[in-house]
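A quick note: this is a predicted structure, and the numbers were derived from the prediction, not measured. Naming: A, B, ... by sequence-line order, numbering from 1 per chain.
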Amino acid sequence: MSVLIYTESENGKFKKTAFELASYGKEIANMMGTTLTAVAVNAENAEELANYGVDKTLMVTSDELKNFNAKAYAHTISSAAEQEGSKVVIISSSANAKYLAPELAINLKAGYASNVVALPESTEPFKVKRTAFTNKAFNLTEINTEVKLLGLSKNSFGLKETSGAGAVASFDAAIPDNANGVEVASVDKVTGAVTIADAEVVVSGGRGLKGPENWGMVEELAEVLGAATACSKPVSDLGWRPHSEHVGQTGKPVASNLYIAIGISGAIQHLAGINASKTKVVINNDPEAPFFKAADYGVVGDAFEVVPQLIEKLKAFKSNNA
Amino acid sequence: MKILVCISHVPDTTSKINFTEGDTKFDTNGVQFVINPNDEFGLTRAMWFKEKQGATVTVVNVGEADTEPTLRKALAIGADEAIRINAHPSDGFFVAQQLAKVAKEGNYDLIIAGRESIDYNGGMVPGMLASLIDANFVNTCISLEVEGTDATAVREIDGGKETVKTSLPLVIGGQKGLVEEKDLRIPNMRGIMMARKKALTVLDPDDTQARTQAVAFEKPAPKGDVKLVSPENLDELIDLLHNEAKVI
Ligand SMILES: Cc1cc2nc3c(=O)[nH]c(=O)nc-3n(C[C@H](O)[C@H](O)[C@H](O)COP(=O)(O)OP(=O)(O)OC[C@H]3O[C@@H](n4cnc5c(N)ncnc54)[C@H](O)[C@@H]3O)c2cc1C
Ligand SMILES: Nc1ncnc2c1ncn2[C@@H]1O[C@H](COP(=O)(O)O)[C@@H](O)[C@H]1O
């Protein structure tokens, strides 16, 4: 009966979303009067999950699962759900989670609600709030199947410390034959840099920065803040920055704690993709730029003067608060 | 190679989103509908396979009669034929089942869908479809090459990209990168004329039940006014971010 979460890790370490999923899953388990089980693949330190309410962790250790494989991972999670008799299964909104989710839904004959942002409004019938129209609206979805699959949006629930029983068991699921149909040939991943998906802070530049040669200050600001860098669509279309940095309705969604937009006008398609960020700051020399209507804090000024000063002041702030 | 391109019919990105009937239905009043942007990249890539590798391209939509102009546009861009499954696309599972039936009956080698549709943002139709027809699946696909029955795809991952080797039959959830923005096609007069003569087959849905139901909608709470900080006083900004917003 227990609620099941799939806790993601990288190089053995749990991601922050794993703890957010645990916090969220625990509350649903409480609502339903049951316990919370986690399934983790090639992760260490299962005891960390107990601080966020996990009662039992199923640890999967397998060389075959070293590279992500949607079918194999989905099968592992659905086998765990079957073993636990789980009626609610929760995953994150990472690229990998979104990749395996549809397969998992079919395996479990589950109705799937993605981009969930709150606890269920009720569990019988099961109704949960999710975003729709790329953050331009919310939608209450009712799931009619016996097993429910939820994809939780990042940073929508936060972390809640609470203790769980913290049992640990090893778990092993056979890998289905058809998982070999897609094989990873190479992975090209920036190491060290913060990714937009994981970042707490995102620093983003628009066409107002005039050209790729001016991105030094954006990168420096990001470095001071431990932030990921991003950009508006025209900036990536012009080839100033890689496509992977394009955020917005047709690019990546951003759900960070802080989003700083420099020289970005704030077109509806841009705002749709970044609206889920908690605090938004805009730096723009045009006080009429639409971004000022969407931001929490704004500086009307020339980015080429404001950003370098901001970097210096943040460095001073950081060294005073270190 | 037989290609099926799944097209969802969505409000234009500039649309203001409103609801009617006590916030239970999307208000289509004054809304312009377009080919879902992710599908537009996929359709353009399909055109490349048609022109360079002799593929045939069928476009398919699960939707009511009002989606036909969107399918005609896909035909005008160069698809060979269109199929519409005459049903309200009530949820991702329902749509995937309808598409699975078309995919099986038509024996398609490659099915190109989008990473997500920008209306409901389900991000589930292509993966479910692949699972239902037991085809290989690559999501967030930003590059695709096919040689015989072998395929090489690049998928976007958090923080980078991954190259995968796979084979047909294959379903992809595509997005920008499959082709560049500048290579997207706009129908020309000749295409529009030719599209009128191409077949648009309407099929009835099967009796699959949706597993989820959108019961209500709501718009985000209106935002408070922006706090402006003078460029001469950036310490104040840092103070606000630290003490008020508590984000640094
Ligand atoms: C189908 C479709 C999908 C789209 N999807 C997206 C999307 O996902 N993401 C996205 O970002 N866009 C998207 N767009 C594009 C969007 O409509 C805007 O064109 C785009 O966001 C504008 O980018 P920008 O703000 O960088 O450039 P601009 O609109 O050119 O704005 C530049 C800003 O910089 C300011 N500026 C200039 N000089 C300075 C200076 N020295 N200091 C400070 N500020 C300065 C200007 O005042 C201006 O506000 C989409 C468009 C379409 C049609
Ligand atoms: N009603 C539909 N008809 C045809 N294809 C669809 C439909 N809905 C979704 N799709 C396809 O599935 C992709 C992802 O949609 P979704 O899972 O709804 O986010 C879209 O980009 C389309 O390629």
Side-chain angles (χ1 to χ4, degrees), chain A residues 70 94-95 98-99 101-103 105-106 111-115 127 132-134 136-145 178 181-190 195 197-198 225 237 243-244 249-250 257-258 268-269 279 292 294-301 305-306 309-310 313-314 317, chain B residues 11 13-14 17 19 37 92-93 118-124 126-128 131-132 134 136-140 142 152 156-167 176-177 181-182 211-220 223 226-229 231 234-235 237-238 240-242 245 247-248:
Chain A
S94 70
K98 286 197 163 175
Y99 188 3
E103 172 89 10
I106 298 295
Y112 167 38
S114 55
N115 305 323
K127 288 187 191 171
F133 297 96
T134 333
K136 289 179 190 168
F138 295 106
N139 134 245
L140 190 66
T141 289
E142 183 173 327
I143 308 181
N144 307 317
T145 44
N178 64 5
V182 180
E183 251 179 83
V184 177
S186 64
V187 181
D188 176 4
K189 203 168 164 170
V190 239
T195 68
D198 290 333
L225 290 166
D237 288 342
H243 284 317
S244 56
Q249 187 165 13
T250 53
N257 282 330
L258 174 60
I268 188 167
Q269 300 96 347
T279 301
F292 285 100
D296 301 282
Y297 305 107
V299 181
V300 179
E305 287 165 20
V306 173
Q309 280 187 51
L310 187 61
K313 288 187 186 292
L314 275 168
F317 166 81
Chain B
T13 57
T14 56
I17 304 297
F19 303 101
F93 176 71
I118 64 164
D119 52 356
Y120 197 67
N121 312 113
M124 58 182 86
M128 286 182 174
S131 188
L132 291 169
D134 200 19
N136 292 319
F137 175 50
V138 177
N139 204 16
T140 54
I142 52 173
T152 306
E156 193 168 272
I157 56 176
D158 292 335
K161 50 194 178 183
E162 187 175 88
T163 305
V164 297
K165 297 262 176 230
T166 182
S167 58
K176 183 168 103 171
E181 181 87 17
K182 62 175 172 32
R211 291 175 169 179
T212 62
Q213 192 192 345
V215 287
F217 293 92
E218 113 195 21
K219 293 216 273 182
K223 216 163 153 42
V226 62
K227 274 193 190 164
L228 289 181
V229 175
L234 294 172
D235 287 317
L237 178 64
I238 294 175
L240 287 167
L241 293 176
H242 183 59
V247 288
I248 59 169

Subject >> Check: E103(A) and F137(B) side chains under 4.5 Å, non-hydrogen atoms >> reply: no
Original post:
Hey, does the side chain of D188(A) reach the backbone of G160(B) with a donor-acceptor pair shorter than 3.5 angstrom?
Top reply: no
Original post:
Which of the residues L314(A), V182(A), V187(A), L258(A) is involved in the greatest number of heavy-atom pairs with chain B at under 4.5 angstrom?
Top reply: V182(A)
Original post:
Checking A295(A) against chain B: side chain, backbone, both or neither under 4.5 Å from a heavy atom?
Top reply: both
Original post:
Are the side chain of Y99(A) and the backbone of G127(B) linked by a donor-acceptor contact shorter than 3.5 Å?
Top reply: no
**OP:** Could you grab the distance from atom CG of L237(B) to atom CG of L310(A), nearest 0.5 Å is fine?
**Re:** 6.0 Å
Original post:
Are K313(A) and D235(B) close enough for a salt bridge, meaning some N to O gap below 4.0 Å?
Top reply: yes
Original post:
Is it the case that T13(B) and Q269(A) place a side-chain donor and acceptor less than 3.5 Å from each other?
Top reply: yes
**OP:** Determine the option with the most heavy-atom pairs under 4.5 angstrom with chain B, choosing from E183(A), E305(A), Q309(A).
**Re:** E183(A)
**OP:** Sequence neighbours left out, what passes side chain to side chain donor-acceptor pair (under 3.5 Å) with N115(A)? Give chain and number order.
**Re:** K98(A)
Subject >> K161(B) portion near chain A, given a 4.5 angstrom heavy-atom threshold >> reply: both
Original post:
At a heavy-atom separation under 4.5 Å, does P220(B) approach chain A through its side chain, its backbone, both, or neither?
Top reply: both
Original post:
Less than 4.5 Å apart, any side-chain heavy atom of T145(A) and any of F93(B)?
Top reply: no
Subject >> Part of A70(A) lying under 4.5 Å from any heavy atom of chain B >> reply: neither
**OP:** Give the minimum heavy-atom separation between A245(B) and T279(A), together with the two atoms involved.
**Re:** CB-OG1, 3.7 Å
**OP:** Compare every heavy atom of A105(A) with every heavy atom of R211(B), then report the nearest pair and how far apart it is.
**Re:** NH1-O, 3.8 Å
Subject >> Under the side chain to side chain donor-acceptor pair (under 3.5 Å) test, residues paired with S94(A) that sit two or more places apart >> reply: E8(A), S92(A)
Subject >> Proximity breakdown for I143(A) and chain B, heavy-atom pairs closer than 4.5 Å >> reply: both
Original post:
Roughly how far, to the nearest 0.5 Å, is the OG1 atom of T14(B) from the CD atom of Q249(A)?
Top reply: 9.0 Å
Original post:
What part of P126(B) gets closer than 4.5 Å to chain A, counting heavy atoms only: side chain, backbone, both or neither?
Top reply: neither
**OP:** With the side chain counted from C-beta on, respond yes when D296(A) and K223(B) share a heavy-atom pair under 4.5 Å apart, and no when they do not.
**Re:** yes
Original post:
What distance do T141(A) atom OG1 and F217(B) atom CZ have between them, rounded to the nearest 0.5 Å?
Top reply: 7.5 Å
Subject >> Structural part of K165(B) lying under 4.5 Å from a heavy atom of chain A >> reply: both
Original post:
Side chain, backbone, both or neither: which part of I142(B) has a heavy atom under 4.5 Å from chain A?
Top reply: neither
Subject >> Choice from G301(A), A137(A), A101(A), A197(A) maximising heavy atom contacts with chain B below 4.5 Å >> reply: A137(A)
Subject >> Closest contact, heavy atoms only, M124(B) versus Y112(A) >> reply: CE-O, 3.2 Å
**OP:** For residues G159(B) and V190(A), report the shortest heavy-atom separation together with the two atoms involved.
**Re:** O-CG2, 3.0 Å
**OP:** Could you look at L228(B) and say if it's the side chain, the backbone, both or neither that has a heavy atom under 4.5 Å from chain A?
**Re:** both
Subject >> Beyond-backbone contact of F133(A) with D119(B), side-chain heavy atoms, under 4.5 angstrom >> reply: yes
Subject >> Where V306(A) and P231(B) come nearest, the two heavy atoms and their spacing >> reply: CG2-CB, 3.9 Å
Original post:
How close do V226(B) and G298(A) get, heavy atom to heavy atom, and via which atoms?
Top reply: CG2-N, 3.6 Å
Subject >> Residue selection (most heavy-atom pairs with chain A, distance under 4.5 Å) from K182(B), E156(B), K219(B) >> reply: E156(B)
Original post:
With a 4.5 angstrom heavy-atom cut-off, which part of I157(B) approaches chain A: side chain, backbone, both or neither?
Top reply: both
**OP:** State, with a plain yes or no, whether a side-chain heavy atom of F19(B) is found less than 4.5 Å away from one of N139(A).
**Re:** no
**OP:** Go through the atoms of L240(B) and report whether side chain, backbone, both or neither lie under 4.5 Å from a heavy atom of chain A.
**Re:** both
Original post:
Side chain, backbone, both or neither: which part of E181(B) has a heavy atom under 4.5 Å from chain A?
Top reply: side chain
**OP:** Find the one option among G177(B), P11(B), G122(B), G123(B) whose heavy-atom pairs under 4.5 Å with chain A are most numerous.
**Re:** G122(B)
